[in-house]
2 protein chains.
Amino acid sequence: MSANSRLTIAAHALAWIGLYQRQGHEVATSEQIATSANTNPVVIRRLLGELRRAGLVESRRGVGAGWSLARELGTMTLLDVYEAVEPGPLFAMHRTTPDQGCVVGHGIQPAMRGIYQDIEETLRHELARVTLEKVLQDTLAAPHQPL
Amino acid sequence: MSANSRLTIAAHALAWIGLYQRQGHEVATSEQIATSANTNPVVIRRLLGELRRAGLVESRRGVGAGWSLARELGTMTLLDVYEAVEPGPLFAMHRTTPDQGCVVGHGIQPAMRGIYQDIEETLRHELARVTLEKVLQDTLAAPHQPL
DNA sequence: GCTGTCGTAACGATAATCGTTACGACCGAC
DNA sequence: GTCGGTCGTAACGATTATCGTTACGACAGC
């Protein structure tokens, strides 16, 4: 799978905003988050825009603008983030329709669809068990200066 | 994720070979499987080559050559296939190292690694519950001429 | 107005997958 | 021992997704 880092970066951004707000700040800018994640502010704005559409963050414009959480980190799960930033299904079907004249070609897609649905349901359940509060706590619990 | 169809095509090929052998044939050719999957024989040979390295199928060369199962479909699971054809992890870390001077940038990767490990472990467990025998049975159970 | 930030379009770089062509390696049949 | 069919694999282009970057208009507080 061509693994993509969208979920990771989105979680990073949410954890950063959450911690920043707990330090007393109103909003966080995409530039600050981009510095922490070592990427470009536009990448952050694009991702946070998707999180905003999902109701996880809010943005203010104008001078002193930036991003803030729309909900507490404890009420937000990786599933919320996953659904906001990952469009497609986990596994894809054939790119072209299999031979419908063949017994396997005819039945394989309904069969795999059912199997994949069950697996994705389990994945979603696991993602839903992890709150962004836990992500932040695990992040802060990382040892300093590991040898 | 770009979602990829490698797992789907590999399962299709295994189910096809399994059914073909139950009909009394010794080996299946990549051309036959490619016709059923509506793709190119080289795509099938590439995928089956990876399954051969994993010990799931065997191949014979020369005249009358082709592919056969190395194990019964009932002893083969989607996890075996997944590990054979999917290289990377489900979710990726940042493409560049986050800012180690930032608390979040420093701790986010160990945190997400731990979380992702748990999730992938659950995914593997789910994949291991589905045998290729079940894939074939579900495929054969698909209704004909659905309205 | 000025300034700083968002919002978003546009483009190129990169990488993975897939389809295709090509061709040597192999081996049973004859 | 040649022939024919299939594997094994390299090579290349097409397609797609993500990411990084530049650019610029929209917005709002000062």
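Here is how names work: the chains are called A, B, and so on, in the same order as the sequence lines, proteins then strands, and each is numbered from 1.
For B:Ser5 and C:dT17, the shortest distance from a side-chain N or O to OP1 or OP2 is not below 4.0 Å. Contact between the side-chain N/O atoms of A:Ser30 and the OP1/OP2 oxygens of C:dC6 is found at a separation under 4.0 Å. An OP1 or OP2 oxygen of D:dG8 is reached within less than 4.0 angstrom by a side-chain nitrogen or oxygen of B:Ser59. One finds a side-chain N or O of B:Thr39 lying less than 4.0 angstrom from the OP1 or OP2 phosphate oxygen of C:dG19. Side-chain nitrogen and oxygen atoms of A:Arg6 include none within less than 4.0 Å of the OP1 or OP2 phosphate oxygen of D:dA17.
Between the NE2 atom of A:His94 and the C1' atom of C:dT17 there is a distance of 15 Å, given to the nearest Å. C:dC18 atom C1' lies 18 Å from atom CZ of A:Phe91, rounded to whole Å. What separates CG of A:Asn40 from C1' of D:dT18 is a distance of 13 Å, to the nearest Å. When the P atom of C:dG7 is taken as reference, atom CG of A:Leu51 falls 12 Å away, rounded to whole Å. Note: CZ (A:Arg60) to P (D:dG29) measures 8 Å, nearest angstrom. At whole-Å resolution of the value, CD1 in B:Ile44 and P in D:dC7 are 11 Å apart. Between the CG atom of A:Leu48 and the C1' atom of C:dC6 there is a distance of 11 Å, rounded to whole Å. Per the geometry, CD1 belonging to A:Ile17 stands 15 Å off P belonging to C:dT5, to the nearest Å.
The 12-atom threshold is exceeded at CD of A:Gln23, counting heavy atoms of other residues, nucleotides or ligands nearer than 6.0 Å. More than 12 heavy atoms of other residues, nucleotides or ligands sit less than 6.0 Å from atom CD of A:Gln137. Within a 6.0 Å sphere centred on NE2 of A:His25, other residues, nucleotides and ligands contribute more than 12 heavy atoms. Atom CD of A:Glu72 sits in a sparse spot, with 12 or fewer heavy atoms from other residues, nucleotides or ligands closer than 6.0 Å.
Contact annotation for A:Gly64: no contact, since no heavy-atom pair falls under 4.0 Å across all strands.
With B:Leu51 as reference, B:Val57 is the one residue of B:Val57, B:Ile17, B:Asp80 to meet the side chain to side chain contact (heavy atoms under 4.5 Å, CB included) rule. Just one residue in the list A:Trp67, A:Tyr20, A:Trp16 forms a side chain to side chain donor-acceptor pair (under 3.5 Å) with A:Gln32, and that residue is A:Tyr20.
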Run the numbers on A:Arg129 and A:Thr77 for side-chain contact (heavy atoms from CB on, under 4.5 Å), then give the verdict. CA-CA 7 Å; A:Arg129 290 183 52 204; A:Thr77 73; over 6 Å; no
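When only modelled atom types and interatomic distance are considered, B:Ser36 and A:Asp99 share no side-chain donor-acceptor pair under 3.5 Å.
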If you restrict it to nitrogen or oxygen atoms, what contacts under 3.5 Å exist between nucleotides 9-12 of chain D and the protein, and what is each distance?
from   : atom 1 : to      : atom 2 : distance (Å)
D:dT9  : O4     : B:Arg45 : NH2    : 3.3
D:dA11 : N6     : B:Arg46 : NH1    : 3.2

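Residue-to-nucleotide proximity on DNA chain D shows that, of B:Arg95 and B:Glu31, the 5′-proximal contact is made by B:Glu31. Between B:Val63 and B:Asn38, the residue anchored nearer the 5' end of DNA chain C, judged by the nucleotide with its closest heavy atom, is B:Asn38.
The side chain of A:Val43 lies closest to D:dG20, out of D:dT18, D:dG20, C:dG19.
Checked by distance alone, B:Arg61 brings no side-chain donor or acceptor within 3.5 Å of a matching partner on the base of C:dC26.
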